[in-house]
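On a predicted model such as this, the values are computed, not experimentally measured, just so you know. Just so it is clear, the values below take in all heavy atoms, side chains as well, and ignore hydrogens, waters and symmetry mates. Atoms within a ligand are numbered from 1 in the order they appear, just like the ligands themselves.
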Amino acid sequence: MYWNERYECMPRPELEALKMERLQQTVERVYHKVAHYRKAMQAKGLEPGDIKELNDLSYLPFTVKTDLRDNYPYGLFAAPLSEIIRVHSSSGTTGKPIVVGYTRQDLNNWSELAARSLGFAGVTDQDVIQISYGYGLFTGGLGIHMGAERLGACVIPASGGNNQRQVMVMKDFGTTVLACTPSYALVLAEEMAELGLTNEDLKLKAGVFGAEPWSEGMRKEIENLLGLSAHDIYGLSEIMGPGVAMECSAKEGLHVFEDHFIPEIINPETGEVLPYGQTGELVFTTITKEGFPVIRYRTRDLSSLSLEECSCGRTHVRMERIAGRSDDMLIIRGVNVFPSQVESVLLDIGYLSPHYHLVVERINNLDRLEVQVEVSAEMFSDEIRRLEQLEHQIKQRLDSVLGVSCKVTLVEPKKLARSEGKAKRVTDKRNL
Ligand code: DLL
């Protein structure tokens, strides 16, 4: 069942024509309303009329995070504040936050796309959805909230935190759909176990998990523990929030809502646009936004695109699940390492809980990667020799997959910090 069949299954030629028309409108809009884009286009000798076909998109200048910071707070808005009815903000790890604004029409489109996304996971007006993403300046809570209301589901605006109450609500209110970060879903599963509950005591059927990278192994773990079908939802504040792309029942990539956003994959070093199938940095151009349109925004997220037909019948291009961010990538003694690679190895091995943390240090001018991982309770109470064997086994697998030697430290269950929102997977103690 589709939420909006006309757009979700639009034949490609019609979709391409729609994208073109909307791209031209957006370029006109930013050129005339936002000084930054006008200057950036003029610097390349471009006028809106130069964008005559979709491929011309590649002539337009990129937008990067610092452009957003430099125009803090409202410098990139393309509508007067009187027309902006909501702002959100994303803090990032360093410096000033960025602020994004939405007109009434923007919120209307966002709720449509969030409703569509929930529809991908099979959510209907019969469902009770517990939204345990943070509500506030973060786009997760309110974004999914609008979509769920639009869909007519019964919304529990739980927000993050207070794990015990979350589980009680899940059980007593008959929650059928859980929306939160995948790491928080695991925290809630742990809390359930502590309260002596299993997924048999709950009515969960689907999960809408995103806002951070997660592996296939993590999906299996969550699905087993919570007894639901877990779907990946992707988005970022700069482009809109949750609902830029969503995983359908095929679970082979996330459809990007191309009637609102045009994705590209570029070589992060050269900026060159890469063909379908190749991995690189995801870049988005919004084509319906009024308040905060963005041209060729470099997300730093790594993925690839595929136009292969999808068994769900939707025609929109699919992006591969995010492998990581180029700025999450650790360079250990010259070798590129992503936390997601470590996660896949750990979850493949068994006996381990999906809670892990990477610590990078520089000792005597040499980088050292330590992988801390919790073992299961049964394993932890076992004899030391077995634990040593396990440590050795993990180290061997990690060394060969990562291509760099690391130190493995097994820690007792529940030792590592838990988060309500995005998990922090890395502590880099090097002063680089
Ligand atoms: O995380 C929006 C969101 C909320 C998406 C709820 C999904 C669910 P930001 O805080 O601006 O917005 O962070 C955006 O988070 O560039 C990615 O690096 C990462 N991210 C978001 N979704 C996924 C995902 C929200 N499904 C940044 N897989 C993005 C991997 C994701 N990474």
For Ile295, does its backbone N or O pair with a side-chain atom of Thr63 as donor and acceptor, under 3.5 Å? yes
Which ligand 1 atoms are under 4.0 Å away from a heavy-atom of Gly140? 4 (C), 6 (C)
According to the ring pair (Phe, Tyr, Trp, His ring centres under 6.0 Å) rule, which pairs have a member within residues 116-152, sequence neighbours left out? Phe120-His255, Phe120-Phe257, Tyr135-His145
Which residue and non-hydrogen atom of the protein lie closest to atom 11 (O) of ligand 1, and at what distance in Å? Ser237 OG, 2.4 Å
For Lys422 and ligand 1, answer yes if some heavy atom of the residue is under 4.0 Å from a ligand atom, otherwise no. yes
State whether Glu190 and Lys414 are salt-bridged, where the test is any N-O pair (Lys NZ or Arg NE/NH1/NH2 against Asp/Glu carboxylate O) under 4.0 Å. no
Please report which non-hydrogen protein atom sits nearest to atom 25 (C) of ligand 1, along with the residue it belongs to and the distance in Å to one decimal place. Gly235 O, 3.5 Å
Backbone, side chain, both or neither: what part of Tyr133 comes under 4.0 angstrom of ligand 1, heavy atoms only? side chain
Give the single entry among Ser117, Pro182, Ala211 that approaches atom 7 (C) of ligand 1 most closely by any heavy atom. Ala211
Between Asp232 and ligand 1, which residue portion shows a heavy-atom distance shorter than 4.0 Å: side chain, backbone, both, or neither? side chain
Please report whether ligand 1 has a polar contact with Gly241, defined as an N or O pair separated by less than 3.5 Å (distance criterion only). no
min-distance protein heavy atom vs atom 28 (N) of ligand 1 -> Glu212 O, 3.2 Å
side-chain hydrogen bond (donor to acceptor under 3.5 Å, both in side chains) evaluation trace for Glu112 with Asn108: CA-CA 6 Å; Glu112 148 76 22; Asn108 201 18; over 6 Å; no
Before you tell me yes or no, could you show the steps for Thr103 and Glu83 under side-chain hydrogen bond (donor to acceptor under 3.5 Å, both in side chains), namely the whole-Å CA-CA distance, both residues' side-chain angles and the distance that decides it to 0.1 Å? CA-CA 6 Å; Thr103 63; Glu83 288 174 25; over 6 Å; no
Holding to ring pair (Phe, Tyr, Trp, His ring centres under 6.0 Å), I want the full list of residues that pass it with Tyr74, two or more places apart in sequence or in another chain. Phe77
What protein heavy atom sits nearest atom 16 (O) of ligand 1, and how far away is it? Asp301 OD2, 2.7 Å
For Lys33, does the NZ atom have more than 12 heavy-atom neighbours from other residues, nucleotides or ligands under 6.0 Å away? no
Taking only non-hydrogen atoms of Gly210 and a 4.0 Å limit, the atoms of ligand 1 in range are 7 (C), 8 (C), 26 (N)
With Arg425 as the cation and Tyr356 as the aromatic partner, state whether NZ or CZ is under 6.0 Å from the six-membered ring centre and within 45° of the axis. yes
